[in-house]
Amino acid sequence: MRNAQSMPWREKLRLTASLSRIGSAGLSVMTWRLFSHLIYLIFKHIWAYRKKVILKNLAICFPAHSENENAQLADKYYRHLASLIVEPFIVRNIAQKDLAKFINYANPSLIHQLLSERRDIVLMVSHYGNWEYLFSMPLITDSSVLAAYSPVSNGLLNEKLKRLRSRFGIKLIPKANWYRSAVNWRESKPAIFINVADQRPPVAGKNAIEFFGHHTYIQSGAARIAIKRNSAVVYLDVHKRGANKYQFRFHLLVKEAGGMQETEIMKLYYTALEKNIRRQPELWLWSHNRWKFGFCATLPSKRI
């Protein structure tokens, strides 16, 4: 799978590596926020990172907006992206008791109920808000929580990032092995499989849906895992509630995926994601060239 974690880390790896070399152990939240503001100023005044892609995507999704409105949204996105780069370091050394200041799970009871029914969960998340904060999920359950990650070529940095992400007990699987590992995972307790599901396929594929009014090619590996395991499918709704602070809310999309088609599940997911984006649009990963392949005149044969 060209999966979840590969795309965002490619975009922010250089800055993340530079900040990692600084050594985060002694830096306060306020210091990291100052770093974030500096990164934002660089984006705004020195290096307009992928601005053409950002404005193209905003024009695709919000055709009624003026150029000025989309320019303002792009500026808000740069602020969010700058925060996104430093947030893993903000929570890196924070005491577990203080995590609630930054991460709030609004309704973990839904997760507990599904797990108590002996049902695996495919948690479908997005490049929206801060998906990295989900590495705290093992704190709200005693079941295994698994996620894919993209190894980086620098061995020391790779190990450092793995330790950072797995601090709370999440099981990290290299993305190249993700699908096979998730489908074949066996344990006495049901498990949670985190899938960042809004990635673009590496080439124009056979599956497409309508997303923001445009035909959009999709990857459906997360749905395929859910069907193979006959698991529940849960969507993660994200709301930013302050500087570096997020609330996560779970929404049940499907209780038993075994009898469904991949595209049925993906349509439910993208409908929920679009609502999320429209509420706080600056939190999506607009710098990714989501519509690289353009729009087809008609939907492929597997039309939704």
Side-chain angles (χ1 to χ4, degrees), residues 1-13 50 52-61 122-129 131-132 134 146-152 172-184 193-229 231 233-236 253-254 257 260-277 283-304:
M1 296 174 68
R2 183 185 180 274
N3 240 2
Q5 279 74 8
S6 63
M7 184 169 63
W9 280 107
R10 283 178 182 172
E11 295 202 343
K12 61 184 182 177
L13 181 57
R50 306 201 77 182
K52 289 183 178 179
V53 172
I54 294 167
L55 292 176
K56 182 191 83 168
N57 287 337
L58 289 170
I60 287 169
C61 293
V122 168
L123 182 64
M124 297 182 74
V125 306
S126 312
H127 293 105
Y128 185 90
W131 54 95
E132 296 284 348
L134 285 174
L146 298 87
Y149 81 99
S150 288
V152 297
L172 297 174
I173 298 173
K175 66 182 181 65
N177 304 327
W178 173 246
Y179 177 78
R180 185 181 298 107
S181 298
V183 168
N184 295 323
F193 302 88
I194 297 177
N195 292 262
V196 185
D198 58 342
Q199 63 268 29
R200 185 194 70 220
V203 296
K206 60 184 179 180
N207 292 334
I209 63 161
E210 190 164 296
F211 181 50
F212 276 98
H214 292 286
H215 302 323
T216 304
Y217 291 108
I218 62 170
Q219 289 197 39
S220 55
R224 193 154 58 250
I225 291 169
I227 292 167
K228 289 280 189 181
R229 298 191 67 90
S231 70
V233 179
V234 174
Y235 174 76
L236 185 80
L253 298 182
V254 177
M260 299 186 68
Q261 298 296 314
E262 293 174 19
T263 47
E264 290 181 276
I265 296 171
M266 296 309 295
K267 182 178 180 181
L268 293 172
Y269 164 74
Y270 273 97
T271 298
L273 174 58
E274 183 171 332
K275 290 179 181 177
N276 223 171
I277 293 171
L283 301 187
W284 199 43
L285 199 70
W286 295 103
S287 49
H288 173 58
N289 195 3
R290 186 61 184 83
W291 286 276
K292 179 179 180 179
F293 305 119
F295 312 119
C296 51
T298 58
L299 281 171
S301 57
K302 289 193 175 182
R303 180 167 183 152
I304 296 177

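Atoms CG and CZ, from Asn57 and Arg290 in turn, are 9.5 Å apart once rounded to the nearest 0.5 Å. In this structure, Leu273 CG and Met266 CE are separated by 9.5 Å, a value rounded to the nearest 0.5 Å. Note: Ile173 CD1 to Leu146 CG = 4.5 Å, rounded to the nearest 0.5 Å. Within the model, atoms CG of Leu236 and CD1 of Ile194 stand 8.5 Å from one another, a figure rounded to the nearest 0.5 Å. Atoms NZ and CZ, from Lys228 and Arg224 in turn, are 8.5 Å apart once rounded to the nearest 0.5 Å. We find the NZ-CD1 distance between Lys206 and Ile218 to be 11.0 Å, quoted to the nearest 0.5 Å.
The two residues Asn289 and Arg200 have their closest heavy-atom pair at O-NH1, 2.7 Å. A pairwise comparison of heavy atoms in Tyr269 and Val125 identifies OH-O, 2.9 Å as the closest pair. Residues Ser126 and Val196 share a closest heavy-atom pair of C-CG1, 3.7 Å. Considering all non-hydrogen atoms of both residues, Val122 and Ile225 come closest at CG2-CG2, 4.0 Å. Closest approach of Ile277 to Phe212, counting heavy atoms only: CG2-CZ, 3.6 Å. Closest non-hydrogen pair, Arg50 versus Ser287, comes out as NH1-O, 2.9 Å.
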**OP:** Give the intermediate values and the outcome of side chain to side chain contact (heavy atoms under 4.5 Å, CB included) for residues Val233 and Leu268.
**Re:** CA-CA 10 Å; Val233 179; Leu268 293 172; over 6 Å; no
Original post:
Given Asn276 and Trp284, is the side chain to side chain contact (heavy atoms under 4.5 Å, CB included) satisfied, shown in steps?
Top reply: CA-CA 9 Å; Asn276 223 171; Trp284 199 43; over 6 Å; no
Original post:
Please walk me through it: do Tyr128 and Asp198 pass side-chain hydrogen bond (donor to acceptor under 3.5 Å, both in side chains)?
Top reply: CA-CA 10 Å; Tyr128 185 90; Asp198 58 342; over 6 Å; no
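You'll find the side chain of Tyr179 stays beyond 4.5 Å of the side chain of Ser181, heavy atoms only.
In this structure, Phe211 and Trp291 have parallel ring planes: the angle between them is below the 30° cut-off, well short of the 60° mark.
With a 6.0 Å cutoff to the six-membered ring centre and a 45° limit on the axis angle, Arg229 does not count as a cation-pi contact of Phe193.
The backbone N or O of His214 lies less than 3.5 Å from a partner atom in the side chain of Thr216, making a donor-acceptor pair.
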